[in-house]
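A note on names: the letters A, B, ... follow the listed sequences, proteins ahead of strands, and every chain is numbered from 1.
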Amino acid sequence: MNNKIIENIRMEVKKALKKKKVDLVIAYGAGSIPYKTKPLFITDENDTDGIIWNSFCNINLAGYLVKYQDKKVGIIAKGCDTRAIISLIKEKKLKRGQLYIIGVVCDGMIAITDIDKKISLSSIDSIIEDNNKIIISENGIKKEFSRADMINISCGDCNYPDPVLSDVIIGEKRNINKDRFKKVKDFEKLKDLEKEEFFKKEFEKCIRCYACKEVCPVCYCKECFTESSDPKWIDTGVETTDKAMYLLIRAFHMIGRCVDCGACNRICPKGVDLNIIMNKIASDLKDNFQFEAGISIDDKIPLVTYKEDDINDFIL
Amino acid sequence: MAFKITLKNLLNILNGLSKNYLIFVPILDNNKIKLKRFDGKNFYTGTELPINSIKELVLPQRDCMLKYKWEKDSGYSVEEIKQESKKTIVFCKPCDTQSVNIIDKIFLNNKEDNYYKEKRENLIIISIGCSTLCRTCFCTTVDGSPFNEKGSDIFAFFKDDSFILKSVTYKGFFILKNFEGSEIEDKIFIEERNNVEKNIEYTPVNIRELKEKANSKFEDNIWKELGEACIGCGACTYLCPTCHCFDIQEEVKKNIGLRVRNWDSCQFSFFTKEASGHNPRVSNRERMRQRFEHKFSYIPENNNEIGCVGCGRCVVYCPVNIDIREVIERIME
């Protein structure tokens with residue numbers, strides 16, 4: 001199944017480069033280990049053989065687009081990635097006309113922390129995907145897992161596997177209509193102490209490597225709040241409160257902009273549950289402004305838009 | 001003098017030692033192997049490396065250096081923070097042991113770093129030899145070996161249900177006295193080493209060649225290619241057992257301040273940003289080049305050893321799959 005998709009992606013990339021629609025295409029290539037992929041920056045139409053597509057296309061390639069503001073760029077984009085592109089276009093970091101979006105319908109991605117829940121990473125020889133099964137060979141012995149069991153939590157609740165903005169779509173649309181905020185609503189029902197314990201445990205894992213921030217397509221500030229030394233907004237240390245400040249302030253900066261693509265959650269080396277934080281801000285945004293980021297290229301971002309009929313319930 | 005003890009006995013001995021020593025062991029915690037304080041019963045004995053390395057024990061991610069305050073009547077005062085490190089025993093793999101050897105030279109040669117020295121002197125390293133290599137580790141490429149005793153105080157390995165250990169240094173000998181078990185001949189170490197090594201393909205890279213080639217490739221295109229993919233996070237540097245860059249910060253609240261040393265990463269865009277606003281390492285290309293030149297050219301030049309121990313943590317966790325093994329291959333071309 002994946003093979004057909006890969007063939008089609010390569011064909012589209014070839015076409016786009018040949019017809020000079022774009023100067024460059026950003027795609028996924030095979031990683032040096034079975035559960036990883038790497039970004040490819042292709043400028044030659046004959047260089048498409050390295051392009052692949054599998055359940056390990058974890059990063060959001062839209063993150064690279066901001067570096068190419070003056071170029072015509074093609075990009076392989078999952079449903080969530082296309083939504084990030086919408087966010088970037090709205091923020092005037094990109095123009096629709098400069099992009100050739102090769103959208104691919106996504107079945108969900110598997111992160112390292114999803115794999116090491118089931119099997120030790122150190123002895124994985126190969127991984128084969130067969131429809132709804134993931135077959136992992138460990139020291140020569142094959143072990144089968146169900147895809148549904150291994151998909152990352154950020155993908156499990158996803159409502160937008162189908163590209164929302166694209167020039168071409170590869171794969172059959174899935175037309176999902178889930179309650180993507182169920183997890184957050186359930187979590188909100190927990191007692192305060194339980195929530196505190198949960199977050200303490202999650203924040204403690206964080207090592208402030210900033211992988212989450214750097215992989216995020218809408219985190220493109222030339223000087224991030226974490227880098228400022230005057231004023232020093234937050235300390236650079238690793239007390240749990242410092243970590244909480246970093247993670248939560250970043251979440252606040254994402255309101256209305258984060259499309260909940262889950263890339264941050266999937267690439268965190270320590271498996272910090274970032275999904276629940278990003279999901280929560282999306283949920284609050286929906287509740288308060290009836291808005292979901294990255295769905296439509298025309299709707300206005302609520303936090304930067306004045307509305308006469310704003311209920312203004314924060315004004316006492 | 002070598003001893004053979006059962007796993008059960010090992011746990012008992014560690015419980016006994018816990019009274020006077022801090023003990024760090026690899027454990028399975030929430031699906032991840034981590035290096036943590038011994039809890040009395042858990043000890044992971046498998047192939048996988050803990051995600052955190054023993055670097056944390058000699059160079060903590062946050063280390064308080066001094067306290068200072070200002071009081072209206074007495075003015076300024078500075079208080080040195082007593083380094084209260086207890087004697088610490090850590091169980092780790094030979095690659096992590098080697099990484100501390102490398103960092104030792106940086107913090108102890110020439111001027112000694114007191115904060116590092118105190119922790120280092122109190123650290124007793126028990127290297128556990130690996131019976132197989134992981135898919136991602138490559139110590140043999142960078143002049144290491146799964147049964148390398150160098151730098152450890154005690155060298156050990158697991159065999160069937162036993163733990164076999166011997167002292168390598170006097171520090172180790174002193175601790176070994178606590179490990180009662182059946183005495184065993186030293187030659188078992190040589191036998192086991194041969195056993196392990198015969199299944200491994202050794203492809204060590206020549207350090208002088210690596211250094212010269214890395215140096216000559218300073219302007220090579222490879223750095224631009226890697227820089228294109230690199231997103232500029234610090235995952236590789238923070239997980240790396242050899243990376244040791246730090247940042248000294250003042251944490252001040254009203255009239256009390258704390259000077260702390262935190263980890264820093266040369267991969268962060270602002271690492272070399274100067275007060276003028278100029279940044280000599282302005283893009284990921286320069287920063288990628290710095291990291292690899294540091295490991296394969298500068299450390300070999302200064303200390304005659306390769307600045308990478310082949311643990312493979314960066315290979316597993318780099319979000320964009322920049323593989324240091326491929327970089328070594330490209331450099332050696």
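- Proximity to chain A (any heavy atom under 4.5 Å) is restricted, for Arg325(B), to the side chain, taken from C-beta onward.
- In this structure the side chain of Asn321(B) never reaches within 4.5 angstrom of the side chain of Phe56(A), judged on heavy atoms.
- Most heavy-atom pairs under 4.5 Å with chain A: of the set Glu326(B), Arg62(B), Arg261(B), this distinction falls to Arg62(B).
- Few gaps surround NZ on Lys34(B); more than 12 heavy atoms of other groups in view lie less than 6.0 Å from it.
- With a threshold of 4.5 angstrom between heavy atoms, Asn30(B) approaches chain A through side-chain atoms but not through N, CA, C or O.
- Among Val260(B), Val316(B), Asp323(B), Leu49(B), the residue with the largest count of heavy-atom pairs under 4.5 Å with chain A is Val316(B).
- The closest side-chain heavy-atom distance from Gln249(B) to Lys232(A) is below 4.5 Å.
- Of the listed residues (Asp125(A), Ile59(A), Val215(A), Ile112(A)), the one with the most heavy-atom contacts under 4.5 Å to chain B is Asp125(A).
- Using a 4.5 Å cut-off between heavy atoms, Glu250(B) touches chain A through its backbone atoms (N, CA, C, O) alone.
- Only the side chain of Asp247(B) comes within contact range of chain A, with at least one heavy atom under 4.5 Å from a heavy atom of that chain.
- Looking at Cys64(B), neither its backbone nor its side chain comes within 4.5 Å of chain A, counting heavy atoms on both sides.
- Most heavy-atom pairs under 4.5 Å with chain B: of the set Glu223(A), Glu239(A), Lys118(A), this distinction falls to Glu239(A).
- Side-chain contact between Lys67(A) and Asn284(B) is present, with heavy atoms from C-beta onward closer than 4.5 Å.
- Put simply, the side chain of Ser120(A) does not reach to within 4.5 Å of the side chain of Thr47(B), judged on heavy atoms.
- With a 4.5 Å cut-off on non-hydrogen atoms, Thr37(A) touches chain B through its backbone but not through its side chain.
- At most 12 heavy atoms of other shown residues, nucleotides or ligands fall within 6.0 angstrom of atom CE in Met245(A).
- Residue contact with chain B, scored on non-hydrogen atoms closer than 4.5 Å, involves the side chain of Asp242(A) exclusively.
- Between Thr236(A) and Glu251(B), every side-chain heavy-atom pair lies at or beyond the 4.5 Å cut-off.
- Only the side chain of Leu239(B) comes within contact range of chain A, with at least one heavy atom under 4.5 Å from a heavy atom of that chain.
- When atom types are taken as modelled, the side chain of Tyr210(A) and the backbone of Gly234(B) share no donor-acceptor pair closer than 3.5 angstrom.
- With a 6.0 Å radius and a threshold of 12 heavy atoms from other residues, nucleotides or ligands, Lys67(B) has its NZ atom at or below the threshold.
- Expressed to the nearest 0.5 Å, how far NZ of Lys270(A) lies from OH of Tyr317(B) amounts to 9.0 Å.
- Both the backbone and the side chain of Val320(B) come within less than 4.5 Å of a heavy atom in chain A.
- Interatomic distance, CD of Glu228(B) versus CD1 of Ile26(A), reported as 8.0 Å (0.5 Å rounding).
- Using a 4.5 Å cut-off between heavy atoms, Asp116(A) touches chain B through backbone and side chain atoms alike.
- Contact of the Gln61(B) side chain with the Ile207(A) side chain is registered, since non-hydrogen atoms from C-beta on lie closer than 4.5 Å.
- Across Trp263(B), Tyr238(B), Phe268(B), Phe270(B), the residue that shares the most heavy-atom pairs under 4.5 angstrom with chain A is Phe270(B).
- Taking the side chain as every heavy atom from C-beta outward, Thr113(A) and Lys32(B) approach each other to under 4.5 Å.
- For the atom pair CD1 (Ile115(A)) and CG (Asn31(B)), the distance works out to 12.5 Å, reported to the nearest 0.5 Å.
- Chosen from Pro39(A), Cys212(A), Ser32(A), the residue pairing most often with chain B at heavy-atom distances under 4.5 Å is Ser32(A).
- Most heavy-atom pairs under 4.5 Å with chain B, from the set Lys205(A), Lys38(A), Lys36(A): that is Lys36(A).
- By number of non-hydrogen pairs under 4.5 angstrom with chain B, the leading residue of Lys213(A), Arg266(A), Arg208(A) is Arg208(A).
- Closest approach of Ile124(A) and Arg135(B) over heavy atoms only: O-CG, 3.2 Å.
- Interface summary for chain A: among Ile51(B), Thr237(B), Thr136(B), the most heavy-atom pairs under 4.5 angstrom belong to Ile51(B).
- Chain B forms more heavy-atom pairs under 4.5 Å with one residue of Gly29(A), Ala111(A), Ala211(A), Ala263(A) than with any other, namely Ala211(A).
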